[in-house]
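All figures in this text were calculated on a predicted structure; none of them were measured in a lab. These values consider heavy atoms only, across backbone and side chains, with no hydrogens, waters or symmetry-generated copies. The chains referred to below are lettered A, B, ... by the order of the sequence lines, with proteins before strands, and numbering in each begins at 1.
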2 protein chains.
Amino acid sequence: MKRNSRLSLALHTLSHMAGSPDRMRTSGDIAEHAGTNPVVVRRVLGKLREAGLLTSEKGHAGGWRLARKPQDITLADVYLALDERMVATDETSDASACSVEHALHERVSGVLKEIEESLVQKLSETSIAEVRGV
Amino acid sequence: MKRNSRLSLALHTLSHMAGSPDRMRTSGDIAEHAGTNPVVVRRVLGKLREAGLLTSEKGHAGGWRLARKPQDITLADVYLALDERMVATDETSDASACSVEHALHERVSGVLKEIEESLVQKLSETSIAEVRGV
DNA sequence: ACCATCCGTAACTTTTCTGGTTGCATTAGT
DNA sequence: ACTAATGCAACCAGAAAAGTTACGGATGGT
């Protein structure tokens with residue numbers, strides 16, 4: 001796997017689960033399906049569980065299941081759950097002595113933050129059910 | 001610097017250059033300004049030159065200058081010049097035997113590509129001049 | 001009671017990405 | 001000639017991420 005694998009893995013898995021929402025799936029199944037490792041799957045899906053998108057059960061008949069209906073899970077939910085900010089810069093303390101520079105830095109950061117917000121807005125317009133489509 | 005440093009560096013540099021578009025700046029100046037290395041600056045700015053956003057001149061009085069007016073350079077131009085796709089997945093050959101799986105994979109890829117396009121669209125609505133702002 | 005199965009988590013390794021650095025050829029002005 | 005700049009290639013170092021192994025805890029079947 002390469003870049004953006006987490007978002008991609010999450011999306012693929014959720015879309016797949018949306019097919020039969022009641023079926024319980026193990027991280028092993030999902031991993032094999034996605035061509036990766038059960039632990040990696042649990043790591044990513046754990047984030048989604050924290051965000052309330054999935055539930056997991058331990059033990060013999062344990063596994064993973066959607067916590068909501070597919071149409072109630074948006075791409076924004078997934079994106080935010082993974083806690084990856086794609087365009088927004090980190091809030092590095094601007095060490096520039098010049099105040100004009102500082103102001104410019106603020107402007108650039110602000111613009112990037114706006115772009116990030118618009119991305120989330122766009123993501124919120126599509127649900128997992130719609131990804132599955134048709 | 002951390003993630004997105006290239007985009008951030010490019011944006012900051014262009015915004016700064018937009019202040020006095022006729023002034024020639026060396027990679028050394030820019031690097032010192034950005035707290036990084038001249039070679040790194042040339043790497044990033046080289047991409048922008050390839051995309052026609054900047055011009056560079058070798059030799060004694062050489063350096064970098066905007067190739068267009070700041071209002072004619074959009075954030076999308078910069079983003080695309082850097083050739084970093086943030087949300088779109090790479091076109092990995094889908095090795096899934098099942099055709100249903102393949103179709104789902106295509107759907108997810110398609111959705112991500114749409115998101116990417118909408119991001120670029122959003123970026124194209126803001127110019128460097130506007131970033132500089134006010 | 002026992003056992004197989006599955007999640008949760010930690011620790012470690014390997015790979016990949018990226019910025020930083022050095023060196024050198026080339027170009028251009030003085 | 002000399003100086004100062006880009007262009008480019010090669011390499012190093014550090015961080016980030018995936019992959020792997022291992023083990024503890026929970027759960028259900030036998």
**Student:** For dT6(D), does OP1 or OP2 lie under 4.0 Å from any side-chain N or O of R42(B)?
**Tutor:** yes
**Student:** dT18(C) C1' sits how many Å from L9(B) CG, rounded?
**Tutor:** 13 Å
**Student:** For L54(B) and dT6(D), what is the distance between atoms CG and P respectively, to the nearest whole Å?
**Tutor:** 12 Å
**Student:** For R25(B) and H33(B), run side chain to side chain donor-acceptor pair (under 3.5 Å): C-alpha distance rounded to whole Å, both residues' side-chain angles, the deciding distance at 0.1 Å, then the answer.
**Tutor:** CA-CA 11 Å; R25(B) 292 157 212 263; H33(B) 204 84; over 6 Å; no
**Student:** For L48(B) and dG7(D), what is the distance between atoms CG and P respectively, to the nearest whole Å?
**Tutor:** 12 Å
**Student:** Rounded to whole angstrom units, what separation is found between the CD1 atom of I30(A) and the C1' atom of dC7(C)?
**Tutor:** 12 Å
**Student:** At under 4.0 Å, does any side-chain N or O of R6(B) touch on OP1 or OP2 of dG19(C)?
**Tutor:** yes
**Student:** Report the residue (W64(A) or R43(A)) whose heavy-atom-nearest nucleotide on DNA chain C is the more 5′ of the two.
**Tutor:** W64(A)
**Student:** Between K122(B) and E114(A) (salt bridge meaning N to carboxylate O under 4.0 Å), is one present in this structure?
**Tutor:** no
**Student:** At less than 4.0 Å, is any side-chain N or O atom of S5(A) found next to OP1 or OP2 of dA18(D)? Yes or no.
**Tutor:** yes
**Student:** Of the listed nucleotides (dA22(D), dT22(C), dG7(D)), which one gets closest to any side-chain atom of K58(B)?
**Tutor:** dG7(D)
**Student:** Rounded to whole Å, please give me the gap between CE in M24(B) and P in dA28(C).
**Tutor:** 12 Å
**Student:** For E32(A), is the CD atom crowded, meaning more than 12 foreign heavy atoms sit under 6.0 Å from it?
**Tutor:** no
**Student:** Counting only distance, no hydrogens or angles, is the base of dG7(D) paired donor-acceptor with the side chain of R49(B) under 3.5 Å?
**Tutor:** no
**Student:** E32(A) has an atom CD; how far is it from atom P of dT20(D), in whole Å?
**Tutor:** 14 Å
**Student:** Do E117(B) and Q121(B) make a side-chain contact, defined as non-hydrogen atoms from C-beta onward lying under 4.5 Å apart?
**Tutor:** no
**Student:** Would you indicate which nucleotide in dG28(D), dT22(C), dT20(D) comes nearest to any side-chain atom of A61(A)?
**Tutor:** dG28(D)
**Student:** Report the residue (G62(A) or V40(B)) whose heavy-atom-nearest nucleotide on DNA chain C is the more 5′ of the two.
**Tutor:** G62(A)
**Student:** Side-chain N or O of T36(A) versus OP1/OP2 of dG19(D): is the shortest distance under 4.0 Å?
**Tutor:** yes
**Student:** When you measure from the side-chain N and O atoms of S56(A) to the phosphate of dG8(C), is any distance below 4.0 Å, counting only OP1 and OP2?
**Tutor:** yes
**Student:** Expressed in angstrom and rounded to an integer, what is the separation of L7(B) atom CG from dG19(C) atom P?
**Tutor:** 11 Å
**Student:** Hey, is the side chain of N37(B) poking within less than 4.0 Å of OP1 or OP2 on dG19(C), counting only N and O atoms?
**Tutor:** no
**Student:** Does OP1 or OP2 of dC7(C) have a side-chain N or O of S27(A) closer than 4.0 Å?
**Tutor:** yes
**Student:** Between R132(B) (side chain) and R107(A) (backbone), is there a donor-acceptor pair under 3.5 Å?
**Tutor:** no
**Student:** Return the value, rounded to whole Å, for the distance between atom CZ of R23(A) and atom P of dC6(C).
**Tutor:** 12 Å
